[in-house]
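Taking it in order: structure first as structure tokens, then the write-up.
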Protein chains: 2
Amino acid sequence: MPRLLNHTVSVEPTAEAAACTAVACRNCGLYQLGRLPGREEADPTLLQRIACSRRQLRKGEYLYRLDEPVRAVYAIRYGSLKSYVLSGDGRLQITGFHIVGEPLGLNDLATGRHTSEAQILEPTSLCEVPLDHLEKLSVEVPSIRSQMLIILSREVQHYQELMLMLGKKNAEERLATFLLGLSSRFEQHGFSPLRFNLSMSRGDIGTYLGIAEETTCRLFSRLQEEGLIRAHRRSVEIRDLDRLRQLALR
Amino acid sequence: MPRLLNHTVSVEPTAEAAACTAVACRNCGLYQLGRLPGREEADPTLLQRIACSRRQLRKGEYLYRLDEPVRAVYAIRYGSLKSYVLSGDGRLQITGFHIVGEPLGLNDLATGRHTSEAQILEPTSLCEVPLDHLEKLSVEVPSIRSQMLIILSREVQHYQELMLMLGKKNAEERLATFLLGLSSRFEQHGFSPLRFNLSMSRGDIGTYLGIAEETTCRLFSRLQEEGLIRAHRRSVEIRDLDRLRQLALR
DNA sequence: CACCTTAGTTGATCTGGATCAGGATTTTGT
DNA sequence: ACAAAATCCTGATCCAGATCAACTAAGGTG
């Protein structure tokens, strides 16, 4: 089967200019930083001023590592990455997968140093806004800070859901929740919610859901046997959204 | 044994004026909202302006409930509470215990509605700053928003640690981590880090750590047998900090 | 004070998912 | 094109912690 990640296919890098213009940023996770109070649309002039440089990264590279100073916030233009925290003896817990269109890097503002790491899962392009630039700009345009608060608060909500999973759901419910979550995020960004390709391994999914890789594999098989999904390696098709929801939203 | 919660004993409500003055707020979780850029001490005038009303709540009462509009942010003057999220079928995951001096309520800014609930664990007094007041004030004093970002970002770090626990640590490591965390938080607020009283039940601790109440009990007994702690009901004494750390920080 | 309710504790048993082991398929590098 | 390395999958066994079931101790109440 040819590798046809839907977000890799649908987002053509060539269609965009060299600078991160307002248009290019519309689906970008930092777009909302350009929103002024009370308005739905971002202010084009403001977006232009936020601007940002681009960065291209390959699979396996790190966007940032533990204890590094926080230098910038990012938005994903295409591609994806995982972020995770580490225990004293090196066990790791993936805290999130980040896909096209999503913002990244606001977590560690308090300390000024990264308490987590972010690693690239597939060829990925990012918008990068240096923190000092954002700092200067937000003195002048205070709404930027409000928007940052909102982004961070969304992050918190994601973490709350993950804690509920890790603390209270069984393995099958976790995988169902995971797949549904991905599905609706793809949909939000204009991709099919029922057919998509995963950029992470079974092992990564397990490390995210707090279950073993083997269990993750068995669950993919089980959900398929039960007719809820069709899955082959990285490609997933949701075949019974209702039953999957029933499982997940318990 | 008489009920001598150290934070109930040490913080005398009578010692403070009727309004939440700058002095009264020094140990208060909202104190840092009064910090101006680059300064360690909060600006007294600013603190006065943030001001806040008080609120007294009894055990079992809710500070806020699911789906309620977010009306204010809070700081705990004395007492404690738990906050938790709920699954579709009513299972609950406690996401944090909040003790004297800590801020509360910044989580749900994005949606404007609470996605979690907060319930009082013992007689508790709070500082309350209405959101619209904070909003107005922060137009004029932008540093307030920066401080809010920092508070929220700390919250995120707490969640990251909790996820690591829930996803990767065994039950004994979880309890050790929990006790050490409480210990250092008490210390931060000027109480003994080695002897303190819990305001939450074994069941609550289990619901926080993602383990059963019975397991929590057994672990208290085990840590006591092994000489790491002494515990009787709600009172806890840490007897071997090093070994407890060894367990927790793995 | 006697009664009742709630919280804490301990034991016995069961089980979901971890771990260990091996094989199949796909991707990557040369 | 081929070898090597990931990645994925399945089976067998094991065990940490859940669940079920009493029992005890502490507070609270009339």
Side-chain angles (χ1 to χ4, degrees), chain A residues 1-5 8 58-61 82 91-94 119-123 165-176 178 197-225 229-236 247 250, chain B residues 1-5 58-60 82 91-93 119 121-123 165-176 178 197-225 229-236 247 250:
Chain A
M1 183 183 290
R3 179 174 176 76
L4 289 178
L5 274 187
T8 313
R58 281 182 302 248
K59 180 175 171 176
E61 289 185 305
K82 61 181 174 186
R91 282 173 280 181
L92 68 85
Q93 172 65 38
I94 294 181
Q119 192 176 20
I120 311 298
L121 291 171
E122 62 185 325
M165 285 224 286
L166 294 174
K168 290 284 150 350
K169 294 187 180 178
N170 70 26
E172 198 178 31
E173 292 164 353
R174 292 183 200 192
L175 185 57
F178 169 71
N197 281 48
L198 304 170
S199 56
M200 69 292 285
S201 68
R202 300 289 191 262
D204 279 340
I205 296 173
T207 302
Y208 176 64
L209 298 178
I211 57 186
E213 180 180 348
E214 295 92 324
T215 305
T216 310
C217 281
R218 278 186 256 270
L219 285 170
F220 266 98
S221 304
R222 192 152 103 210
L223 289 182
Q224 172 147 332
E225 280 163 31
I229 64 171
R230 249 174 58 84
H232 179 71
R233 299 250 146 183
R234 304 287 177 104
S235 88
V236 175
L247 249 184
R250 226 191 311 168
Chain B
M1 181 183 291
R3 178 174 177 75
L4 291 178
L5 273 187
R58 281 183 301 248
K59 180 174 170 175
K82 61 180 175 187
R91 283 173 280 180
L92 67 85
Q93 173 65 39
Q119 192 176 19
L121 292 171
E122 62 184 327
M165 286 225 285
L166 295 174
K168 289 284 149 350
K169 293 188 180 179
N170 70 27
E172 197 178 31
E173 292 165 351
R174 292 183 200 192
L175 185 57
F178 169 70
N197 280 48
L198 304 170
S199 57
M200 68 293 282
S201 69
R202 299 290 190 262
D204 279 340
I205 296 173
T207 303
Y208 176 64
L209 298 177
I211 57 186
E213 179 181 349
E214 295 92 324
T215 306
T216 310
C217 279
R218 278 185 255 269
L219 286 170
F220 266 98
S221 304
R222 192 153 103 210
L223 289 183
Q224 173 148 331
E225 280 163 31
I229 64 171
R230 248 173 59 84
H232 179 70
R233 301 248 147 183
R234 302 288 177 104
S235 88
V236 175
L247 250 185
R250 228 189 312 165

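A note on names: the letters A, B, ... follow the listed sequences, proteins ahead of strands, and every chain is numbered from 1.
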Can you tell me if B/Arg174 uses its side chain to pair, donor with acceptor, with the backbone of B/Leu166 under 3.5 Å?
yes

Please enumerate all residues that pass salt bridge (Lys or Arg N to Asp or Glu O under 4.0 Å) together with A/Lys169, with sequence neighbours excluded.
none

Rounded to 10°, tell me the angle between the two end axes of the helix from C/dC1-D/dG30 to C/dT30-D/dA1, each built from five pairs.
60°

Which residues satisfy the salt bridge (Lys or Arg N to Asp or Glu O under 4.0 Å) test with A/Arg91, sequence neighbours excluded?
A/Asp89, B/Glu173

Rounded to the nearest 0.5 Å, what separates atom CD in A/Glu172 from atom CG in A/Leu223?
5.5 Å

Quick one: pull up CD1 in B/Ile229 and CG in B/Leu175 and give me the separation to the nearest 0.5 Å.
6.5 Å

Could you state the CG-P distance from A/Asn197 to C/dT26, rounded to the nearest angstrom?
14 Å

Pairs in or reaching into residues 202-213 of chain A: which pass side-chain hydrogen bond (donor to acceptor under 3.5 Å, both in side chains), with residues at least two apart or in two chains?
A/Lys82-A/Asp204, A/His158-A/Tyr208

Residues from residues 205-212 of chain B sitting under 4.0 Å of DNA chain D, heavy atoms only?
B/Gly210, B/Ile211, B/Ala212

For each nucleotide in nucleotides 4-15 of chain D, reading 5' to 3', give B when a protein heavy atom comes within less than 4.0 Å of its base, S when such contact involves only the sugar-phosphate, and - otherwise.
---BBBBBB---

Salt bridge (Lys or Arg N to Asp or Glu O under 4.0 Å) partners for A/Lys168, two or more places apart:
none

With sequence neighbours excluded, tell me which residues meet side-chain hydrogen bond (donor to acceptor under 3.5 Å, both in side chains) with B/Glu214.
none

